[in-house]
> 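Before anything else, here's the structure in question.
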Amino acid sequence: LGGMCPDGFDHDNFIPRVEPTGKPGCTYSYGKAEVIRLDDLVGITKQQCQGGGNCKDWLHFRHNCTDSKLKRMFALDGSIKTVDYCVEYDIHPKCMANCDLPDCKALIESGAVVYLGLPFWNGRCDPRANVRRTEQVAAAFLIPGALTSHMLMETSVLESGAACPRSRGTGFSCAPDIAGRSGPFCTRFWSGACQQCWIPGVRHDPSPAFKPWCPFDIFNATGYDDREDFPTPDCKSNNASDGCCLYAGTCDGSTSPDLAPLNDDGLALVASKRNTADMEAFIRRALVGTAAAGNAEAMRWAAYFAWEPGPIDRSLADVLRELEVFASGRGALPSPARHNMVSHIGASPGEVESATRHNGCYEVNVSFFPLDMDGTVGTIALSPDSCQKRCAAKAGCKHFSFLQEVGDSAGSCHLQDLFALPRLASPGYTSGPYTCWNEIEDRSGLIQRAHMTIVPSSFECFESGSVYSPAIDGGQFFIAPGNGSDEHAVLQCQRTCRENVFCEHFFFASPSRLCTLVAAAATRMSNLTGTISGPPQCRKNKKAFSELFKQSPSLEHRLGRSGLCQGAVIFALALSLLMGAVGLCRVSPARFWEPHYLFFVPMPNRGRPMEFEGSDDEFEALVPELEAPIHA
C-alpha cells in the first residue's frame with residue numbers, strides 16, 4: 001500500500017528532506033508548493049469586464065466580459081451562434097470526441113474555424129500547442145529555462161534525483177534487454193520521476209519506433225555512462241532525420257546553421273544544437289524573400305519550437321508552415337511574462353495585511369478539510385480575524401478557513417477540528433489556528449506543529465490522517481461521548497494501547513470515536529481525514545530498559561545476553577502467572593530501546609503491564625524491591 005512517508009511534508013523546502021523508500025506507508029513526500037490560478041494563466045484576468053477594470057475570475061468573466069468575439073460558441077451542427085455570456089473555450093463538434101477522427105482531420109486541414117474562445121486554448125488537437133501550454137505553466141512557476149530551453153523541472157530537482165533503477169525483465173525496465181537496442185531507457189527530464197524513453201532509427205528495432213524519444217544527453221546521465229554496459233546504439237543510417245546518429249555522433253553533414261543543407265536532415269542537424277538563435281538563422285536561409293521572415297516575434301517562437309531536447313519529429317516544411325501560422329495571428333504565441341499568480345492569490349489587501357500583522361499566524365491559499373467540523377456550517381465573516389475569533393469561541397475548533405468572496409468585502413468562514421487535514425493549492429482561502437502562537441502568554445503544555453496547528457504537548461508524537469491495519473484481536477472499541485472531549489478520548493486510546501502487551505500503534509477515528517489497537521507488523525496508510533494515530537508512549541525522559549539489567553547482573557547472566565528482552569518477557573510472565581512474582585522487563589522487543597519500562601505486578605492483576613512514572617532516584621530505590629522475589 002502507498003501513502004505519504006512519516007514527516008513527508010516539508011514546509012520549508014521545495015525538495016523534501018524525507019526520501020521515499022517505496023515500502024508500505026512511504027511511497028511519496030513533498031515540499032512546499034506554489035500555486036497559480038488557471039484564470040490568470042489562460043488570460044481570463046487580462047480580459048476587460050463591465051464596470052471598468054479586468055475580470056476578477058471565471059464567473060466574473062462569464063457574465064461581464066466586454067469582448068463580443070468571446071460571446072460565441074458552436075451549435076450542434078457546427079455553425080457558430082451568438083450567446084449572451086462569454087465563452088472561455090469551445091471546439092467544433094466534429095473534433096469534440098476525438099481529434100483523430102477523419103472528419104476532424106479534414107476540417108482542420110480545410111482551414112475552417114475549429115476553436116472558439118480565449119487564444120490560450122487554440123489548438124487542442126495540435127500536440128505542438130499542447131507542448132506550448134505545458135511550458136507556459138512551467139514558466140508561471142518560474143522554472144528556469146521554461147520558454148527558453150524547454151525545461152519543465154527545476155534543475156535542482158533533476159540534479160538531486162538518483163539514477164533510475166534498471167529493473168531489467170520487469171514491466172517497467174529502464175535498460176534494453178539487448179545492448180545497442182532502442183530502449184527502453186529512463187529519464188527524469190520531464191517530471192523528475194523516472195519515465196521510459198527510446199531512441200529512434202536503431203537497426204533491427206520496430207518501425208515506427210516507440211515514443212517518447214530520449215533527450216540527447218541520455219548516455220551522459222548517471223548509470224548510462226558505462227559504454228561497456230550501455231554502448232551507443234546501432235543506427236540504421238547516418239541521416240540526421242532518422243535521429244539515431246545524433247546520439248552516436250555519426251551523422252553526415254554539418255550542424256552549422258550557415259552550412260547545413262536546407263532539407264529535413266539539415267533541420268535535424270541544427271536542431272541537435274538546441275539553440276534558438278542558430279535555428280532562427282537556419283530558417284531565415286530557407287525563407288529568403290518571403291513576408292514571414294520579417295515578423296521578428298513569430299520567427300523567434302517558430303525557431304524556438306523547431307528544436308527539442310531530443311530528436312524532432314517534423315520536417316522543414318512543417319516548421320515553415322508553423323511560422324506562417326504564427327505570423328498570420330492564427331496561432332497564439334506564448335507569453336514569457338510571469339503573471340502575478342503565486343503569492344496571496346485571491347486575497348484582498350486586508351488579508352495580506354492581516355497575514356503580515358500576525359507574523360506568519362495565517363496561511364494564504366491553504367484551507368483545511370473537511371471544511372466544516374461536526375455540528376457547524378459555513379457562516380459570513382468580515383475578515384480572517386473575525387473568523388478566527390469564531391473558532392476561538394467554539395469548543396473543539398483548532399483551525400479556521402476563510403474564503404474571500406469576489407467583489408465583496410466579506411467572505412465565508414469555516415471551522416475545523418483537530419482531525420482536519422491541510423489542503424494546499426486552495427486559491428482565495430486564508431487559514432490559521434484558533435489563536436496565534438505569539439499571542440499566547442502561557443505556552444506550557446502546548447506545542448505548535450505544521451500549518452500553525454496548536455495542540456497539547458501530550459500530542460507531540462501523534463500524526464493526523466494515518467491509520468494502521470489490521471487490528472489486533474479484540475483491539476477495537478468505541479469511547480462513549482460521555483467520557484470527555486475528543487482530545488481526552490485520543491489520550492484514553494493511547495493509554496489503552498500502552499496497557500496492552502501486543503499494541504505497537506493506535507489510531508482514533510472521529511466522529512465515531514472508534515479506538516483501534518494494532519501490532520508491530522501492521523501496515524500504515526496516510527492522508528485519511530478524521531484520524532489521529534501514534535505509539536503507546538510519547539515521553540522521552542525516562543530511563544532506558546537496558547539500564548535495568550546493568551543494576552541486576554545476576555538476572556542478566558541467567559537470561560543470557562542473546563535475546564535478552566524476549567527471555568525477560570517469558571521469565572517475568574511465567575513468574576507472574578504461576579507464582580504471582582514481580583518481573584521487570586520491556587515487554588515489546590520491537591521497541592525495547594524506547595526510554596520507558598514496564599513491570600508485572602502480583603495478584604490480582606497478574607501479568608498486567610503497568611508503567612512506572614517516578615523520578616530516577618525513586619526508581620533506583622524501587623529496583624531492589626522488584627528484584628527481591630526474582631532472586632528469591
Side-chain angles (χ1 to χ4, degrees), residues 126-132 134-135 138 145-152 182-183 185 187 189-190 197-202 208-221 232-233 235-288 290 292-293 295-327 331 333-334 336:
D126 180 3
R128 306 281 303 164
N130 291 330
V131 169
R132 292 193 288 272
T134 303
E135 292 196 21
L147 294 178
T148 58
S149 58
H150 300 289
M151 291 295 296
L152 300 178
S182 63
F185 299 91
T187 178
F189 180 83
W190 295 294
C197 64
W198 287 263
I199 295 174
V202 175
F210 293 114
K211 291 184 178 180
W213 293 341
C214 297
F216 285 127
D217 59 0
I218 187 69
F219 287 107
N220 296 326
T232 52
C235 302
K236 66 181 181 182
S237 78
N238 290 335
N239 298 327
S241 56
D242 288 332
C244 179
C245 63
L246 296 171
Y247 296 89
T250 58
C251 293
D252 295 334
S254 172
T255 59
S256 167
D258 299 322
L259 301 176
L262 295 175
N263 56 26
D264 295 346
D265 286 329
L267 175 70
L269 286 165
V270 177
S272 68
K273 298 185 69 176
R274 292 167 282 181
N275 184 285
T276 301
D278 285 343
M279 181 56 71
E280 183 174 343
F282 176 78
I283 294 175
R284 287 189 181 279
R285 282 179 56 209
L287 284 175
V288 174
T290 65
N295 189 322
E297 186 180 17
M299 173 63 76
R300 179 167 63 91
W301 285 115
Y304 172 67
F305 286 111
W307 67 269
E308 297 175 10
I312 57 174
D313 188 19
R314 53 214 313 264
S315 65
L316 179 58
D318 293 332
V319 172
L320 300 182
R321 205 160 28 243
E322 188 168 75
L323 170 60
E324 182 183 351
V325 171
F326 286 160
L333 296 177

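Residue numbers start at 1 and run along the sequence shown. Just so we're clear, the structure is a prediction, and the values are computed from it rather than from any experiment.
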> Is any side-chain N of the basic residue among Glu322 and Arg132 closer than 4.0 Å to the acidic one's carboxylate O?
yes
> Could you tell me which non-hydrogen atom of Pro257 sits nearest to which non-hydrogen atom of Asp278, and how far apart they are?
CB-O, 3.2 Å
> Taking only residues two or more places apart in sequence, or in another chain, which ones meet Asn239 in a side chain to side chain contact (heavy atoms under 4.5 Å, CB included)?
Ser237, Ser241, Asp242, Asp265
> If you compare all heavy atoms of Tyr247 against all heavy atoms of Pro311, which two are closest, and at what distance to 0.1 Å?
OH-CD, 3.0 Å
> Rounded to the nearest 0.5 Å, how far does CZ of Phe189 lie from CD1 of Ile218?
11.0 Å
> I'd like to check Leu147 versus Trp301 (side-chain heavy atoms, cut-off strictly below 4.5 Å). Are they in contact?
yes
> Hey, are the side chains of Pro233 and Phe219 touching, using non-hydrogen atoms and a 4.5 Å cut-off?
yes
> Working note: Leu287 + Leu323, criterion side-chain contact (heavy atoms from CB on, under 4.5 Å); need CA distance, chi angles, decisive distance, verdict.
CA-CA 10 Å; Leu287 284 175; Leu323 170 60; 2.8 Å; yes
> Please report the C-alpha distance between Glu135 and Tyr304 in whole Å, then the side-chain angles of each, then the deciding distance to 0.1 Å, and finally whether the side-chain contact (heavy atoms from CB on, under 4.5 Å) criterion is met.
CA-CA 12 Å; Glu135 292 196 21; Tyr304 172 67; 2.6 Å; yes
> Starting at OG of Ser315, measure out to CZ of Arg321 and round the result to the nearest 0.5 Å.
6.0 Å
> Start with the C-alpha gap between Cys251 and Cys245, add the side-chain angles, then the distance that decides, and say whether disulfide bond (SG atoms under 2.5 Å apart) holds.
CA-CA 5 Å; Cys251 293; Cys245 63; 1.9 Å; yes
> Of all the heavy-atom pairs spanning Phe185 and Cys214, show the shortest one and how long it is.
CB-SG, 4.0 Å
> Return the CD to CZ distance between Glu297 and Arg300, rounded to the nearest 0.5 Å.
6.0 Å
> First locate atom CG of Asp258, then atom CZ of Arg284, and finally report the distance between them rounded to the nearest 0.5 Å.
13.0 Å
> Do Val131 and Glu308 have side-chain heavy atoms sitting under 4.5 Å apart?
no
> What are the two closest heavy atoms between Ile283 and Ala303, and how far apart are they?
CD1-CA, 3.8 Å
> Side-chain contact test, heavy atoms from C-beta onward, threshold under 4.5 Å: evaluate it for Cys197 versus Trp213 and give yes or no.
no
> Could you please spell out the steps behind the side-chain contact (heavy atoms from CB on, under 4.5 Å) verdict for Val319 and Trp307?
CA-CA 10 Å; Val319 172; Trp307 67 269; over 6 Å; no
> Carefully, step by step, assess Phe282 and Leu262 under the rule side-chain contact (heavy atoms from CB on, under 4.5 Å).
CA-CA 8 Å; Phe282 176 78; Leu262 295 175; 3.7 Å; yes
> Taking atom CG of Leu267 and atom CG of Leu316, what is their separation to the nearest 0.5 Å?
5.5 Å
> Output the distance between atom NE2 (His150) and atom OG1 (Thr134), rounded to the nearest 0.5 Å.
12.0 Å
> Identify the two heavy atoms, one from Leu269 and one from Leu246, that lie closest to each other, and give their separation to 0.1 Å.
CD2-CD2, 4.4 Å
> Looking at every heavy atom in both Thr187 and Trp190, which two are closest together, and how far apart are they?
CG2-CZ3, 3.1 Å
